[in-house]
Asker: 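Take this structure first; my questions come after.
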Amino acid sequence: MPTKKETRPASDQEDLNPYHIADQQFQRAVAFLPDLDRGLIDFLKRPARTTIVEFPIQRDNGAIEMFVGYRVLHNYVRGPGKGGIRYHPKVDMDEVRALATWMTWKCAIIDVPFGGAKGGVACDTKVLSENERRRITRRFISELGELIGPHTDIPAPDMYTDALTMAWIYDTYAMMHPGRNNLPVVTGKPLDIGGSQGRREATARGCLYAVQRALARGAVPGLVKLDGASVVVQGYGNAGANAAALFAKAGARVIAVSDSQGGVLREEGLDLDAVNEQKANTRSVIKTPGCRTISNDELLALSCDVLIPAAMENQIHRGNAAQVKARLVAEAANGPVTPSADKILFDRNIPVLPDILANSGGVCVSYFEWVQNLENQQWDEDEVNRKLRVKMERATDAVIDKQAELNKKRRGTADLRTAALVLAIQRIAHVAMERGIWP
Ligand code: NAD
């Protein structure tokens, strides 16, 4: 599997740079918007602010090591920046810029009053102790200083960061800004530090609601419900493990799941308790008793009704898209399907529910958390899930309707991702012109 770092000049090879991919997707969408002002298009495309911080951390063994952190505020036309913080060795500026861009579109599609942002620190959490991760988090947040804030830019969890990381972010910011309600500076916090009920499962639950709605709307001929449908999930972290559990609870048969070490398959349906036990005991799902251990490549090529990539970017690409045998792909991860793969899947009539819709449940409940924090309220889980379902169904309808509208005009050339992007760009462009270009 090629990595995103291998940005190849050869014409037969795919450019997997995520920022180039975000740009290709954007260009495909603006082709459907010939009347949009070219300067406005340029404004919507470019990140408003990019920040790099370099800082030292003392490791537990006394050694001093330098780390590089990034924060990008892509667009704040519809509200303050919103986006997760990722800890991964391959985090770089282009990845963060791409993720921030996708956040802008996502917040517009799910219709929450935020712009797009993203951040990350290049580090390998697998070799860092909890104390080292806390020191990295505190130093990174203090280096960002006033660039984040409850009404400017609001972080959240992403790959290899979790509720505890968010607690450290809150605490660091609160130490820097004593004497006021700082809870809304970050979302995805633990429940007893202003977190929202339902936030942990929100990305996966939103994905479930979007898939259910898309099926009910006829996205996959002959498959209108999840009852008995076979589901495959790549990635077994926050998004993936919760998706497996929630899709199984909704009546689906989860036949395979995987993590970075490989996957497990059981055609009759996995015993997810056994998978969870294996993951807890060995840090991987592979070799779960009673299952066949398979590679991630094999997993992506399994015959199934719904394939949920929930790990990372560029997993379904030009080299393997022809092998995908799912009837629907739902992107719980950000950027798992490349533009070349999009085209191959579209030509093969395999719809892709795009990340900017399918995983927007996370930012939706982050918005609910932010509102609760501002009001010093705590909603119960039923209320959160009910509100989430309304938002996801409305967004899914809007994207499907937009696709129908575009294809009526252009005779069947817009996939769901392009429709979602057109919808987002139109919404943001409208607000930008309502506000007027300052000054
Ligand atoms: P996580 O760190 O909790 O889990 C990541 C999982 O992916 C782990 O199980 C890891 O082993 C697995 N993985 C990593 N590389 C892999 C590979 N090459 N093949 C198969 N599995 C691999 O992260 P997360 O928060 O669940 O995020 C996963 C994806 O979902 C990311 O793209 C993230 O941007 C996106 N996302 C997350 C949220 C959220 O609320 N957590 C919201 C929206 C989007």
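In this chain, numbering begins with 1 at the start of the sequence shown. Note that ligands are numbered from 1 as they come in the structure, with each ligand's atoms numbered from 1 the same way.
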Asker: Does ligand 1 come near enough to G237 that some N or O of the ligand is less than 3.5 Å from an N or O of the residue?
Answerer: yes

Asker: Would D162 and R200 pass as an ion pair if we require N to O under 4.0 Å?
Answerer: no

Asker: Side chain, backbone, both or neither: which applies to A310 and ligand 1 if a contact is any heavy-atom pair less than 4.0 Å apart?
Answerer: backbone

Asker: Does the distance from a Lys or Arg side-chain N to an Asp or Glu carboxylate O, for E369 and K189, drop under 4.0 Å?
Answerer: yes

Asker: Below 4.0 Å, non-hydrogen atoms only: which portion of N359 touches ligand 1? Side chain, backbone, both or neither.
Answerer: both

Asker: Under 4.0 Å from ligand 1, counting heavy atoms only, is it the side chain of R200, its backbone, both or neither?
Answerer: neither

Asker: Quick one: does ligand 1 sit under 4.0 Å from the side chain of Q261, the backbone, both or neither, non-hydrogen atoms only?
Answerer: neither

Asker: Can you check whether E313 has an N/O within less than 3.5 Å of an N/O in ligand 1?
Answerer: no

Asker: Could you walk me through whether R86 and E313 satisfy the salt bridge (Lys or Arg N to Asp or Glu O under 4.0 Å) test, starting with their C-alpha distance in whole Å, then the side-chain angles of each, then the deciding distance to 0.1 Å, before giving a yes or no?
Answerer: CA-CA 13 Å; R86 173 177 291 197; E313 297 98 272; 2.9 Å; yes

Asker: What do we get for Q234 next to ligand 1 when only non-hydrogen atoms under 4.0 Å count, side chain, backbone, both or neither?
Answerer: side chain

Asker: In terms of side-chain geometry, is the basic nitrogen of R318 or D342 positioned less than 4.0 Å from the acidic oxygen of its partner?
Answerer: no

Asker: Please list, in number order, the atoms of ligand 1 under 4.0 Å from a heavy atom of N296.
Answerer: 19 (N), 20 (C)

Asker: Which is it for A332 and ligand 1 at heavy atoms under 4.0 Å: side chain, backbone, both or neither?
Answerer: backbone

Asker: Considering only NZ, NE, NH1 and NH2 on the basic side and carboxylate oxygens on the acidic side, decide whether R49 and E146 come within less than 4.0 Å.
Answerer: no

Asker: Mind checking whether K106 has an N or O less than 3.5 Å away from an N or O of ligand 1?
Answerer: no

Asker: So, H20 versus D15: side-chain donor-acceptor pair below 3.5 Å or not?
Answerer: yes

Asker: Counting each atom of ligand 1 from 1 as listed, which ones have a heavy atom of R199 under 4.0 Å away?
Answerer: 40 (O)

Asker: Return yes if a side-chain donor-acceptor contact under 3.5 Å exists between T396 and Y209, otherwise no.
Answerer: no

Asker: Using a strict 4.0 Å cut-off to heavy atoms of A333, name the atoms of ligand 1 that fall inside it.
Answerer: 29 (C), 30 (O), 32 (O), 35 (C)

Asker: Could you tell me, atom by atom, which parts of ligand 1 come under 4.0 Å of a heavy atom of R86?
Answerer: 31 (C), 32 (O), 33 (C), 34 (O)

Asker: Any side-chain heavy-atom pair from T50 and R97 closer than 4.5 angstrom?
Answerer: yes

Asker: Does the pair R71/D153 count as a salt bridge with the N-to-O cut at 4.0 Å?
Answerer: yes

